[in-house]
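Worksheet: the structure to be examined is printed underneath.
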2 protein chains.
Amino acid sequence: MAKTAQNPVKSAETTFEVLDALKDLDGAGVTELAQHLDIPKSTVHNYLSTLEQEEYVVNRDGVYEVGLRFLELGAYARHREKLFEIAKPEVDRLAEETGELANILVEEHGRGSYLYRARGDKAVQVKAHVGTRVPLHTTALGKAILAHMPTERVDAIVDRHGLGGEASNSISSRAELEQALADVRERGVAFDDEERLEGLRCVAAPVLNHDDEIIGAISVSGPTNRFRGDRFREELPQKVLEVANVIELNVTYS
Amino acid sequence: MAKTAQNPVKSAETTFEVLDALKDLDGAGVTELAQHLDIPKSTVHNYLSTLEQEEYVVNRDGVYEVGLRFLELGAYARHREKLFEIAKPEVDRLAEETGELANILVEEHGRGSYLYRARGDKAVQVKAHVGTRVPLHTTALGKAILAHMPTERVDAIVDRHGLGGEASNSISSRAELEQALADVRERGVAFDDEERLEGLRCVAAPVLNHDDEIIGAISVSGPTNRFRGDRFREELPQKVLEVANVIELNVTYS
DNA sequence: CGCTCTGTCCCAGATGTTTGAACAACTGTT
DNA sequence: AACAGTTGTTCAAACATCTGGGACAGAGCG
C-alpha cells in the first residue's frame, strides 16, 4: 500500500540515501560512504559536494556530517503541527507534576513520530530523541492513536508496515491488535507494559479534535518500579486523561 | 568564497528548491509550486511523488507539506553538537533564574544557527524558532562568536555573506566590525541594542573549548524596558558569563 | 623517500530526467 | 444536468545529466 512514485527522480532518492548513511555512520568520509552504499567514490563525492554547497551538509576537517539546516526544516515541520504548539506547555506541566518523562506523538506515513519529550526531575534516560519514528502498535501512544482511527486506515497501516514486534509482550496478530484497541477505547487510555523497552511502562491518552478525529496522543513513561499498583492503574491514567482533555479544549478553540 | 561544487548534481539542487518552496509557501499544491518555481507541473509532480514515497513530504488532502522526517534528521544534527547536550540544562537554568529568553547559537557555513531556546516566565515572544539562521554580525551571539575566531575566518565570512544590516544600529563596515569585536574581547561579553529586532536587547557570552577555540555562544534577550541600567550592564553580563564558564568546564571534561 | 591512504577532478557513454500534451477527477456555476 | 475551469496525474520521446572508471595531487606514516 506504500505509494510508489510513477516517475521517481532517482537522484533525489540517492540524495537521501547519502544523508541517511551519513546519519547511520554518524559522519563519514567519501571512501567510507562509498563502500557503505556500494556506489563509486566519484558519485558520492558529487552528491556530498552538492549538499555542502547547498549548506545541508558540513565538512569538518575531512568528515562530512549532517548539517543544522535540517534543524531549520525539522523545527518548521514541527511548528506546523497544531498539536505541538498547543500541547507543549501542558505536557511540560505533566512532566513536572509527575516527575516522569512525558511525550507527544503523531502519526505520519503510518508510523509514529515523537514531536516532543519533556523531562521531569526523576525522568528515565531513554535513547530515543525527538523525531524518532516507531511502529504504532508497539507503544501505548501508538495504540491510543490506532484505537481512534477508522478501521480502513488501521488496515492500510497494518498492510503497509506489518506487526513486527520488537519485544516479548508485543502484539503480533490482527485479532490481538483489534482486542487491544477495543480495550483502549473502553478505558480511554492505553498502557504499555515493557512492550518496546524492557523495564519501561507507559500510560497514553488520545487527543481528538472537535470532529472526533485523532490528531495525536500524549503519555507518561517511567520505570516499572514506580509504575505499578494504583499509581499505574488509577492515578496516572486520570492525570494523563485530564491533560489530554485540556489540550482538546485548546485545540477546539484555536 | 562559497565553495561551489565542480560536478553538482542538479536534481539534488532541485530537490531542495522544492522543499524550500514548500516551506516558504507553508504547504502548496503541484500547480502552485510549479508557478512559484517556474518549472513545469509534471517535473514538480515527479519530485513531490518521490519525496512522498521517501516519506520526507506529506500530502494532506491535496496539499503537500514538509514532513516530520526532517525533524528526525534535524534532531539528530543537533544532538551531534556537543555544545547542545552540555549547555541545554545550564541555559534552562539561565532562563528560569532571569525569567527571560535564553539562547544557544553555533556557527555553520558562516551563519548563526539557533540550537536551542529556553523561555523564562516573562520571556518575550519572538518569531524566530530553533533552527533559524541569522547573519552573525547582527546579533550579540554572533558577535561573541566572531570575536573569538581567527581573523582569516572572519574575513572569509564577511567576504561570503557581506555585512548587510537588518536594522538601524547595525554594523556596516569591516572597520566598525573590528572595533565591535575588540570591544567584545575586552569586556568578555557582547551586547545587542535593538540591532536586529526593535525593542529587543541581548547579552551574549562566548563558549570556548580547552584549546580556546570558539564552539558557540549563549545569551539572554529581553525587552528594552527590562534591559537597562545596572541590570543590562552589570547583573546580566555577570550571570551570562558565569553560566558560560560552567559550560566551558563541562565541555572540557567530557 | 616511497608507500598507501585519502579526496578531488575529468570526460565520454549510458541513463535518467525533463517536458508538453492529453486525461481524469473535482468544484462551483449557470 | 451539463459545463467550463480547476486540479493532479500519466506517458513517451528528446536530450540533458548523472554515472563511473581512471588519473591526479596531497597528506600521513614508516
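If you're wondering where the values come from, they're calculated on a predicted model, not measured in any experiment. In the text below, chain A, chain B and the rest are named by the order of the sequence lines, each starting its count at 1.
Between D/dC18 and A/Y47, no contact under 4.0 Å exists linking OP1 or OP2 to a side-chain N or O. Taking side-chain N and O atoms only, B/T43 has no distance below 4.0 Å to OP1 or OP2 of C/dT17. The shortest distance between the side-chain N/O atoms of A/T31 and the OP1/OP2 oxygens of C/dG7 is below 4.0 Å. Here B/Y64 reaches the OP1 or OP2 of D/dT9: one of its side-chain N or O atoms lies under 4.0 Å away. Between A/H45 and the phosphate of C/dG7, there is no side-chain N or O to OP1/OP2 separation shorter than 4.0 Å.
A straight line from CD1 of B/I39 to C1' of C/dG20 spans 15 Å, rounded to a whole angstrom. With rounding to whole Å, A/E52 atom CD is found 12 Å from C/dT8 atom C1'. Rounded to an integer number of Å, the gap from CG of A/D38 to C1' of D/dT19 is 14 Å. One interatomic measurement links the two molecules: CD of A/Q53 to P of C/dT8, which rounds to 14 Å at whole-angstrom precision. A straight line from CG of B/D61 to C1' of D/dG8 spans 14 Å, rounded to a whole angstrom. Rounded to an integer number of Å, the gap from B/L48 CG to C/dT18 P is 12 Å. Regarding B/Q35, its CD atom lies at a distance of 12 Å from the C1' atom of D/dT6, rounded to whole Å. Taking atom NZ of B/K10 as the reference point, atom C1' of D/dA16 lies 8 Å away to the nearest angstrom.
Tested against B/V57 for a side chain to side chain contact (heavy atoms under 4.5 Å, CB included), the candidates B/V66, B/T50, B/L19, B/V18 yield a single pass: B/L19.
Residues A/L136 and A/G110 come closest through the heavy atom pair CD1-O, 3.7 Å.
In this structure, A/V9 and A/E32 both approach DNA chain C, and ranking their closest nucleotides by distance from the 5' end singles out A/E32.
Taking the charged nitrogens against the carboxylate oxygens, A/R185 and A/E178 do have a contact shorter than 4.0 Å, which makes a salt bridge.
When atom types are taken as modelled, the side chain of B/E65 and the backbone of B/G27 share no donor-acceptor pair closer than 3.5 angstrom.
Remark: the B/K41 side chain and the C/dG20 base include no donor-acceptor N/O pair separated by less than 3.5 Å.
No donor-acceptor contact under 3.5 angstrom links the side chains of A/D192 and A/T139, judged on distance only.
In this structure, A/F84 and A/Y116 have perpendicular ring planes: the angle between them is above 60°, well past the 30° mark. Note on ring orientation: taking the six-membered ring where Trp is involved, the planes of B/Y56 and A/F16 are parallel (angle under 30°, cut-offs 30° and 60°).
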Protein-nucleotides 11-14 of chain D N/O pairs under 3.5 Å:
from, atom 1, to, atom 2, distance (Å)
D/dA12, N6, A/N7, ND2, 3.4

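Heavy atoms of B/S11 sit under 4.0 angstrom from primed sugar atoms or phosphate atoms, though from no base atom.
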